[in-house]
Trainee: 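The structure's right below; bear with me while I get my questions together.
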Amino acid sequence: MQELFSLQGKVAWITGASYGIGFSIASAYASAGATIVFNDLNQELVNRGLEAYRAAGLNARGYTCDVTSEEQVNTLVSRIEQEVGPVDILVNNAGIIKRVPMIEMTAAEFRQVIDVDLNAPFIVAKAVIPGMIKKGGGKIINICSMMSELGRETVSAYAAAKGGLKMLTRNIASEYGAFNIQCNGIGPGYIATPQTAPLREPGHPFNAFIIAKTPAARWGTPEDLQGPALFLASRASDFVNGHVLYVDGGILAYIGKQP
Ligand code: NAP
Ligand code: GCO
């Protein structure tokens with residue numbers, strides 16, 4: 001069983017993984033034997049990430065790259081192939097959210113969210129798939145959301161992007177499954193990271209709202225995603241394709257507390 005879940009000898013690229021969910025997933029992969037590559041927007045964030053991996057006793061290589069730039073992504077893929085080796089596992093983790101009522105949101109803001117949360121996973125997956133085909137297979141894991149299934153006030157762009165990402169996941173699985181590429185999603189519930197920090201400020205009503213909506217009665221932690229992410233990156237999931245694994249403490253199963 002240990003061998004089935006091992007990532008020994010694999011190269012894993014996790015986007016936007018200096019901290020938060022990406023860092024947690026990358027740490028799990030490193031502990032399972034993978035060589036970790038991550039990128040972030042600027043050198044300061046990359047340095048912060050490198051320091052965090054070092055402090056955790058893990059090896060990782062960090063690069064600056066904006067995942068919305070096809071040119072930067074293609075350059076980085078060539079660099080990774082030369083300096084580390086072809087990518088076996090890709091986690092499309094980098095993401096942003098803008099919480100703005102839809103009728104107040106500018107088209108430019110909407111486009112920016114779609115660009116990072118949907119166009120970038122397309123750009124990055126497109127860049128690594130040829131190497132995976134050459135190598136005989138690979139794993140792509142797209143970080144989706146509750147908003148791949150549900151809507152809520154103020155997150156129209158994010159929901160549109162994450163809903164689209166679910167379908168991009170299914171399409172990559174459909175188009176490249178025959179090349180032994182498995183593309184799956186993880187749909188985290190509400191996880192305590194910098195992205196959700198504004199919703200968890202003391203006294204913020206959203207905090208109690210989420211705890212009431214979650215059968216597990218708590219926010220998730222980045223560590224809650226490690227086991228599911230390892231499963232989807234390892235041989236253990238070789239016949240799982242086009243699936244979104246929701247790791248949400250039961251939110252999607254629950255109608256809400258009875259009055
Ligand atoms: P986070 O704490 O905000 O981390 C996201 C990371 O992505 C940051 O390091 C960020 O850099 C980076 N990033 C943003 N835009 C980028 C770009 N264009 N190129 C490269 N890197 C970029 O978010 P998180 O909560 O860990 O979330 C990680 C993923 O999980 C996201 O896709 C998010 O939508 C998804 N998710 C989160 C939750 C949750 O409850 N936290 C739930 C479901 C899904 P900066 O620091 O410069 O912004
Ligand atoms: C929000 C949140 C969410 C979460 C997550 C849920 O404002 O509703 O930020 O969208 O981050 O994606 O799965």
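Note that this is a predicted model, so its numbers are computed, not measured. Indexing begins at 1, ligand by ligand and atom by atom, following the structure's order.
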Trainee: Measuring from each atom of ligand 1, which residues have a heavy atom under 4.0 Å away?
Mentor: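 Protein residues near ligand 1 are G16, Y19, G20, I21, N39, D40, L41, L45, C65, D66, V67, N93, A94, G95, I96, V116, I143, C144, Y158, K162, P188, G189, Y190, I191, T193, P194, Q195, T196.
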
Trainee: In terms of relative ring orientation, are Y190 and W219 parallel, tilted or perpendicular, with 30° and 60° separating the classes?
Mentor: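 Plane angle over 60°, so perpendicular.
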
Trainee: Does the plane of the ring in H204 sit parallel, tilted or perpendicular to the ring in F206? Use 30° and 60° as the thresholds.
Mentor: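 Rings of H204 and F206: perpendicular, over 60°.
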
Trainee: Around Q2, counting heavy atoms of other residues, nucleotides and ligands shown, do more than 12 lie under 6.0 Å from its CD?
Mentor: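 Count not over threshold, so no.
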
Trainee: As a test of understanding, state which of N241, D238, N184 forms a side chain to side chain donor-acceptor pair (under 3.5 Å) with K139.
Mentor: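 In the set N241, D238, N184, the residue that makes a side chain to side chain donor-acceptor pair (under 3.5 Å) with K139 is D238.
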
Trainee: I need the contact residues for ligand 2: any residue with a non-hydrogen atom closer than 4.0 Å to the ligand, ordered by chain then number.
Mentor: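 For ligand 2, the contacting residues are I97, R99, S145, M146, M147, R152, V155, Y158, P188, G189, Y190, Q195, T196, L199.
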
Trainee: Quick one: list whatever passes side chain to side chain donor-acceptor pair (under 3.5 Å) with N42, sequence neighbours left out.
Mentor: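 N42: no side chain to side chain donor-acceptor pair (under 3.5 Å) contacts found.
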
Trainee: Excluding sequence neighbours, so at least two apart, what forms salt bridge (Lys or Arg N to Asp or Glu O under 4.0 Å) with R235?
Mentor: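 Result, salt bridge (Lys or Arg N to Asp or Glu O under 4.0 Å) vs R235: E3.
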
Trainee: I want to check something: taking the side chain as every heavy atom from C-beta on, are T169 and C183 in contact at a cut-off of under 4.5 Å?
Mentor: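 SC-SC contact between T169 and C183 confirmed.
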
Trainee: Between R48 and E51, is there a side-chain N and carboxylate O pair less than 4.0 Å apart?
Mentor: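 No, this pair does not count.
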
Trainee: Report yes if the side chains of V77 and V87 come closer than 4.5 Å at any heavy-atom pair, otherwise no.
Mentor: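 No, side chains not in contact.
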
